[in-house]
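Hydrogens, waters and symmetry mates play no part in the numbers below; they use all other heavy atoms, side chains included. Quick note on labels: first sequence line is chain A, next is B, and so on, each numbered from 1.
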Amino acid sequence: MKGIVFTELFDMVETHFGLEMVQNIIDDAQLPNHGAYTKVGTYDHKEIYRLVGALSQRTDTDANALIKAFGKHLLQTFVASYPALFENSSDSFSFLSGVHDYIHVEVRKIYPDADLPHFATIDHPDGSMDMVYTSSKKMYALAEGLIEATMEHYNEAFRLDKEFIEEDGSKVRFTISKK
Amino acid sequence: MEAIELLEKKLQREIAARQEAERILEEKSLELYQNNQKLEQLNGELESDLIHLFENAVFGIALTSNGDIKTVNSKFGEMMGYAVEELKALTIKDLTYKEDVSKSYQLTNALIAQQVDQFELRKRYRRKDGSLFWAKTKVSPVLNQDGSTRYHLAIIEDIQFLVEAEEKQATLIQTLQSQNKELDAFAQVVSHDLKSPLRAVNTLVGWLKEDHAEAFKGEALEHLQEIESRIGKAFSLIDGILEYAQVGTENTETEVDTKALVKYVSEMIDVPQQFQLSLEGDFPVLKIARSQLQHIFQNLLTNGVKYNDKDVVKILVKSWETSSHYLFSVQDNGIGIPAKYFDKIFTMFSTLNEQTKGTGVGLAIVKKICEHYGGTIIVDSKEGQGTTFTFSLNKQHTKL
């Protein structure tokens with residue numbers, strides 16, 4: 001998993017819960033590098049589960065709710081760091097449909113070893129769109145947060161339904177309808 | 001935990017992360033450097049391959065931009081009689097013969113306007129010493145990644161001696177055509193001029209026989225009749241010459257069923273009471289001037305019957321083919337021809353028999369027709385037993 005996910009998680013935790021919480025979850029998770037993450041590095045994705053698990057216990061909050069909130073935070077970071085990616089699309093659907101075929105392709109050029117989730121989008125005649133998340137990392141909640149934040153970024157009212165195609169969360173269908 | 005302790009730990013994390021980032025960046029930099037080295041090496045190899053190709057090409061190569069010469073290979077320098085460096089200071093217009101400049105301009109403009117993808121033209125270049133040569137020039141654009149034209153690539157092939165050969169050939173064909181016409185007219189005139197006095201002699205002999213019947217009797221009458229017969233032969237000779245001259249001038253080639261043609265000819269000629277004609281083999285249908293092929297068979301069959309002393313005249317016509325030719329043979333059981341005459345019989349005005357049943361033109365015409373269709377004719381014979389003529393026609397000239 002790319003280092004930016006870890007550094008951004010710490011940023012979010014520090015903002016919402018303070019620096020002590022960051023130190024606590026690093027200690028709880030017993031990380032091999034003691035939390036010294038850099039954006040340009042690549043790390044074992046299990047470490048993010050351990051950190052989120054620790055945060056969940058310490059804050060008594062559902063882990064998936066935390067991951068979703070983190071997805072929203074991450075998208076705002078993306079908007080700030082890579083505005084061009086968003087300016088190229090005029091609305092949320094065109095941005096989301098380009099994630100897999102355009103953005104991920106570019107990401108792979110810079111990080112050939114990046115292990116990215118698969119996103120398939122299907123346009124429906126009624127104007128809604130399906131986005132099917134597939135990843136062995138089962139971080140569909142992160143995808144959910146990213147999608148919601150995208151809709152908000154484009155200032156579009158929407159309804160988001162999710163359906164587990166695989167019960168373990170490795171394949172989840174999101175149906176987005178604009179209101 | 002004290003705030004200061006937390007900050008210290010954060011600082012330690014940040015320092016460790018920075019060191020990790022530096023390590024990664026150094027690793028990546030090294031990777032980039034090595035990749036760059038590899039690319040440079042590949043690029044160098046590619047460049048040397050291209051230069052080799054450029055310099056050793058059998059054609060002249062010039063890269064131009066808006067008509068200015070950017071670079072040329074040494075072959076083009078050699079063709080133009082300039083040093084490569086001298087050419088770089090010139091434009092294509094400087095090297096083009098003035099009459100061909102506008103043609104070259106028009107095409108280049110069409111290329112610039114992207115109305116055409118490439119063009120090819122024949123034009124004359126002017127060497128440093130002022131001499132001209134014809135060349136085939138093929139020009140195509142070399143594009144930048146954004147689709148704009150980087151330069152034009154011209155490949156120049158010296159075709160001077162091809163053009164000269166073409167000119168020579170055209171002159172030759174023209175000369176031949178006019179000579180053929182003259183010859184044709186000549187044959188017509190000759191036959192007319194020769195026939196007129198003959199016709200007059202014939203008429204005079206007729207008058208002598210009619211008006212002076214009393215005076216011409218016995219041997220004298222026989223002489224007059226001999227004169228008439230010789231005049232008749234002279235007429236046939238003149239017609240033969242005319243026919244010989246016209247072989248190949250007839251262009252109406254049609255589908256001819258050779259088997260049906262042989263049968264038709266055998267019914268047309270005078271045959272004795274006891275006559276047997278047999279056909280053997282696969283007779284093709286050809287694309288040929290019917291009258292000419294008919295002439296061949298008519299001549300060969302007539303010869304087979306005419307020069308025959310047997311009670312039962314037998315003629316066997318065979319047909320077969322090779323990969324390149326159709327072949328036919330006409331075999332008779334006649335008096336035969338001595339081997340020493342095998343060549344002579346195909347020349348004009350040769351008859352072997354002094355009593356002369358023919359004019360001596362027929363086989364010469366047959367030979368000429370065969371040769372016109374890319375074939376030939378040969379003869380084989382045994383005196384007293386018979387003669388076989390075998391002739392061929394090239395498939396390229398006669399195939400449907």
In this structure, are over 12 heavy atoms from other groups packed under 6.0 Å from [X] atom [atom1]?
| X | atom1 | answer |
| --- | --- | --- |
| B:Glu45 | CD | yes |
| B:Lys399 | NZ | no |
| A:Asp60 | CG | no |
| B:Arg127 | CZ | yes |
| A:Lys39 | NZ | no |

A:Val22 side chain near B:Lys10 side chain, heavy-atom distance below 4.5 Å: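 Result no, sub-4.5 Å side-chain heavy-atom pair not found.
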
Atom pair [atom1]/[atom2] of [X] and [Y] - distance to nearest 0.5 Å:
| X | Y | atom1 | atom2 | value |
| --- | --- | --- | --- | --- |
| B:Gln19 | A:Thr38 | CD | OG1 | 11.5 Å |
| B:Glu5 | A:Leu19 | CD | CG | 11.0 Å |
| B:Arg13 | A:Leu31 | CZ | CG | 10.0 Å |

Considering all heavy atoms, the nearest A:Ala36-B:Ala17 contact: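 Closest approach of A:Ala36 to B:Ala17, heavy atoms only: CB-N, 3.7 Å.
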
Of the non-hydrogen atoms in A:Gly41 and B:Ile24, which two are nearest, and what is the gap between them?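 Nearest pair, atom of A:Gly41 first, then B:Ile24: CA-CD1, 3.4 Å.
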
Can you give me every donor-acceptor pair (side chain of residues 162-170 of chain B, partner residue at least two apart or in another chain, under 3.5 Å) with its distance?
unit_1   : atom_1 : unit_2   : atom_2 : d
B:Glu164 : OE2    : B:Gln160 : NE2    : 2.8
B:Glu166 : OE1    : B:Arg122 : NH1    : 3.0
B:Glu166 : OE2    : B:Arg122 : NH2    : 3.3

B:Ile15, part contacting chain A, at a heavy-atom distance under 4.5 Å: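 Looking at B:Ile15, nothing touches chain A.
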
Top contributor to chain B contacts, counting heavy-atom pairs under 4.5 Å, from A:Glu14, A:His34, A:Gln23: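 So the answer, after comparing A:Glu14, A:His34, A:Gln23, is A:Gln23.
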
